[in-house]
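Encoded as structure tokens, the structure appears first; notes follow it.
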Amino acid sequence: MAERLDVQKTYKLFIGGAFPRSESGRTTVVSSVEGEFVANVAKASRKDLRDAVRAARSAQSGWAGRTAYNRGQILYRVAEVMEGRRSQFAAELRTCGVEQRAARREVEQAIDLWVWYAGWCDKFQHIVGTVNPVAGPFFNFTVPEPTGVVGVVAPDQPALLGLVSRLAPVLVGGNTAVVIPSETSPLPAISLSEVIATSDVPGGVVNMLTGTRNELLPWMLGHSDVNAVDLTGASDDLDPAVLDEAATNVKRVVRGSVGDESPQSITDFCEMKTVWHPIGR
Amino acid sequence: MTDNKHPEPVEPSHGFGLDYAPAPESTSIVSIDDDYGLFIGGEFVEPIDGGYFPTISPSTEQHLANVASASAADVDRAVSAARRAHTDVWGSMPGKERAKYMFRIARQLQERAREFAVLETLDGGKPIKESRDIDIPLAAAHFFYYAGWADKLDYAYPGRRHDSRGVVGQIIPWNFPMMMASWKLAPALAAGNTVVLKPAETTPLTALLLGELMQDVGLPPGVVNIVTGAGETGAALVEHRDVDKLAFTGSTAVGKQIQRTALARNVPVTLELGGKAAHIVFEDAAIDQAVEGVINGIYFNQGHVCCAGSRLLVQESIADSFVDRLKRRLSTVRVGDPLDKNTDVGAINSSQQLAKISELVEVGVREGAELFQPDCSLPDRGFFYRPTILSNVEQTHRVAREEVFGPVLSVLTFRTPEEAVAKANNTPYGLSAGIWTEKGSKILWMADRLDAGVIWANTFNQFDPTSPFGGYKESGFGREGGLHGLAPYLSLSPMKGRS
């Protein structure tokens with residue numbers, strides 16, 4: 001009996017819940033550390049980024065409007081679905097040069113992080129919301145609300161854990177995301193998109209744009225419908241002219257770190273809303 | 001259109017008793033020096049290049065004093081003094097001791113409240129009623145509130161390690177000089193930072209008096225430094241390489257420049273910028289209270305308020321009668337000498353601001369808005385502007401899109417709550433919003449959907465040290481006040497591995 005031929009996967013973008021190729025028709029080759037061809041990964045363009053922002057904007061109020069309980073269940077579902085595909089993620093990380101045990105550990109940490117953040121969905125409001133004892137006859141409270149559409153620049157390494165550690169807190173707060181994942185190891189990001197697409201996360205809540213970070217970054221920073229950007233995965237010495245773009249609509253610019261998980265990572269992408277009402281008869 | 005639920009008020013007849021005898025507040029409590037140096041390292045020092053600029057009273061155009069203009073070299077001196085004070089004293093001082101200094105500041109501010117209020121009104125033009133009852137009491141309350149945080153930071157952000165950031169550069173505007181100084185200084189000092197503060201060019205005097213007060217309370221030299229000057233002084237502070245954190249309150253245009261500098265230097269920044277608040281009145285509102293709220297919302301402090309309710313969105317069914325009521329109420333607002341205790345609307349802060357307001361109102365009329373101004377007399381000298389209502393304003397008009405920062409209300413209408421939300425959010429700003437309705441569920445429904453950091457429901461323009469204040473979108477980021485106001489002044493990091 002002849003040896004069975006592998007069915008190879010086409011790694012595409014993830015925009016609005018669908019998996020399109022780049023409108024530019026461009027791809028980049030991903031090779032294994034041994035130099036063998038692995039895949040042609042879509043190379044997103046400015047137009048793809050704008051499509052992704054539009055999808056994220058359309059999905060934002062719906063995602064924020066779900067109950068916190070429901071968001072928590074959906075993000076927990078992401079962990080569940082990932083759990084069943086652990087070997088696939090580990091294999092992709094190994095393709096990128098991560099050693100076997102480290103790859104397995106990274107996948108497990110990433111799954112556990114989804115579980116950790118899923119549980120925050122209906123709790124971080126307790127920690128960061130307040131009832132304020134104003135000196136007058138008013139009821140006054142402060143609650144966190146999502147900032148809106150967040151651009152996430154995930155670090156190159158660790159490709160999967162870094163991505164999850166920056167993406168999950170954005171989603172917990174009710175934001176939608178346009179993500180530029182690891183440039184050097186993009187495969188786990190596409191597989192994570194497949195997990196997200198099958199975990200009841202509404203289309204457009206997460207959009208994944210593989211490609212060249214420095215090509216996409218100026219368009220992301222300059223886009224007036226992006227409310228915040230996470231530059232954790234961008235280099236520290238970005239061109240000031242590119243960074244300037246963020247000020248055109250007073251974007252919230254966050255430089256986080258992988259491994260610093262806290263409610264603060266959630267509130268970095270939240271706005272605090274304070275409501276006053278008189279007390280009287 | 002008339003509606004039966006809200007009977008028309010009785011027309012005030014001639015000589016209804018709205019004329020008040022003059023009730024001027026005495027200025028004898030204030031003594032103003034001829035010249036003011038820069039407050040650096042606990043002392044008033046002359047500027048290195050010897051430059052001074054005049055500050056005048058906008059209500060009389062009288063010269064009040066000459067104030068030092070800080071150059072980049074002066075700013076450098078101030079930052080160095082702040083750095084030394086942080087390294088040697090303030091950064092390592094136990095929170096309990098920091099707290100006691102801050103309580104002293106709060107107390108002395110209360111003790112000298114009238115003096116500060118009169119000076120604030122003299123230099124800035126706001127009614128003494130407001131500086132006396134709002135600005136200065138709130139400034140003192142802000143120091144008192146944050147004083148108590150200085151030794152309780154361990155409880156503020158559980159599970160996080162907190163460190164002071166170091167030297168903080170702060171730039172404040174001219175509309176609430178002392179209140180803004182306290183909003184900036186108090187949380188920064190409580191968190192263990194030292195400060196270089198730049199007050200606005202047209203309102204430097206109360207900040208300098210605060211410098212004297214800092215000497216009186218024995219605050220260690222260099223913990224608070226005050227550099228007066230114009231935009232170049234602010235730019236020198238923002239660009240200084242030894243400043244660890246920046247905070248700015250002012251226009252969105254300048255805020256964007258500051259954000260660019262901060263991004264390039266990778267320095268944390270908080271911005272409290274402009275606004276174009278929607279003030280939404282539903283047909284089921286308590287109409288008389290709503291009229292008062294809308295009037296207060298836009299004419300408080302001559303409308304020099306970033307969170308002013310400058311866009312009235314009134315439900316179409318009551319629009320005509322509501323605007324009539326506003327006009328009638330506006331006709332009883334007293335405009336004039338800010339030192340008069342009966343004055344409701346004082347002087348415009350500067351001739352430049354007056355010109356800007358006049359220009360925007362002219363544009364509004366040209367674009368089709370209908371102008372209403374009460375027939376009140378204005379003082380012969382000083383910068384004054386009649387409180388103004390522009391009705392028939394459309395969303396595309398400049399007066400509906402740009403911040404006027406003056407006593408000018410634009411009136412728009414809506415039919416459904418959905419339309420009110422859409423119109424209210426149709427602006428790059430997102431600082432505040434107001435809602436008037438007697439239906440509780442509608443308040444919460446609206447509050448949830450309005451893109452604004454502060455929502456006043458059945459009230460407006462309320463402020464409190466415990467209540468976070470700050471904007472969405474291009475109104476800036478970061479909060480001032482409350483627990484949330486501390487975070488920008490602390491560097492928060494992981495404590496240990498999480499369990």
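Atoms considered below: every heavy atom in the structure, side chains included; atoms not considered: hydrogens, waters and symmetry mates. In the text below, chain A, chain B and the rest are named by the order of the sequence lines, each starting its count at 1.
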Which region of B:N458, side chain (C-beta onward) or backbone (N, CA, C, O), has a non-hydrogen atom less than 4.5 Å from a non-hydrogen atom of chain A, or is it both or neither? both
Neighbour count >12 (heavy atoms, 6.0 Å) for atom CZ, A:R105: no
Which atoms of B:P468 are under 4.5 Å from chain A, going by heavy atoms: the side chain, the backbone, both sets, or neither? both
Minimum heavy-atom distance B:T437-B:K442, with the two atoms named: OG1-CE, 3.4 Å
Applying a strict 4.5 Å limit to non-hydrogen atoms, the region of B:L271 in contact with chain A is side chain
State the CD1-NE2 distance between B:I295 and B:H279, to the nearest 0.5 angstrom. 10.5 Å
Between B:R161 and B:D163, does any NZ, NE, NH1 or NH2 come within less than 4.0 Å of an OD or OE carboxylate oxygen? yes
Using non-hydrogen atoms and a 4.5 Å limit, figure out which bit of B:I443 sits close to chain A: side chain, backbone, both or neither. side chain
B:R479 with A:E271: basic N within carboxylate O range, under 4.0 Å: yes
Interchain contact, B:A452 with chain A, by part (heavy-atom threshold 4.5 Å): backbone
Would the B:F460 and A:W276 ring centres measure less than 6.0 Å apart? no
As an exercise: rank B:G476, B:A264, B:G430 by heavy-atom pairs under 4.5 Å with chain A and give me the winner. B:G476
Please classify the contact between A:A228 and chain B as side chain, backbone, both or neither, with a heavy-atom cut-off of under 4.5 Å. neither
Region of A:S224 that comes under 4.5 Å of a non-hydrogen atom in chain B: neither
Which region of B:L492, side chain (C-beta onward) or backbone (N, CA, C, O), has a non-hydrogen atom less than 4.5 Å from a non-hydrogen atom of chain A, or is it both or neither? both
Looking at A:G65, A:S257, A:A135, A:P240, which one has more heavy-atom pairs under 4.5 Å with chain B than the rest? A:A135
Contact winner vs chain A - B:T252, B:D451, B:D448, heavy-atom pairs under 4.5 Å: B:D448
Heavy atoms only, distances under 4.5 angstrom: which of A:R252, A:H277, A:E145 has the most pairs with chain B? Name it, please. A:R252
By a 4.5 Å heavy-atom criterion (distance strictly below it), what part of B:R160 contacts chain A: side chain, backbone, both, or neither? side chain
Give a yes or no on whether a salt bridge exists between A:R255 and A:D236, defined as a side-chain N under 4.0 angstrom from a carboxylate O. yes
With chain B as the partner, which of A:P133, A:A64, A:S61 has the greatest number of non-hydrogen pairs under 4.5 Å? A:P133
Which one wins on heavy-atom pair count under 4.5 Å against chain A: B:F463, B:F477, B:Y472? B:Y472
Between B:F143 and B:Y145 (judged by ring centroids, cut-off 6.0 Å), do the two rings come close enough to count as a pair? no
Please determine whether salt bridge (charged side-chain N to carboxylate O under 4.0 Å, His left out) holds for the pair A:R86 and A:E108, giving the CA-CA distance in whole Å, both sets of side-chain angles, and the decisive distance to 0.1 Å. CA-CA 8 Å; A:R86 276 189 300 172; A:E108 288 166 356; 3.6 Å; yes
Top residue by heavy-atom pair count (under 4.5 Å) with chain B, among A:L243, A:D244, A:T147? A:D244
Determine, for A:D225 against A:R57, whether the closest basic-nitrogen to carboxylate-oxygen distance falls under 4.0 angstrom. yes
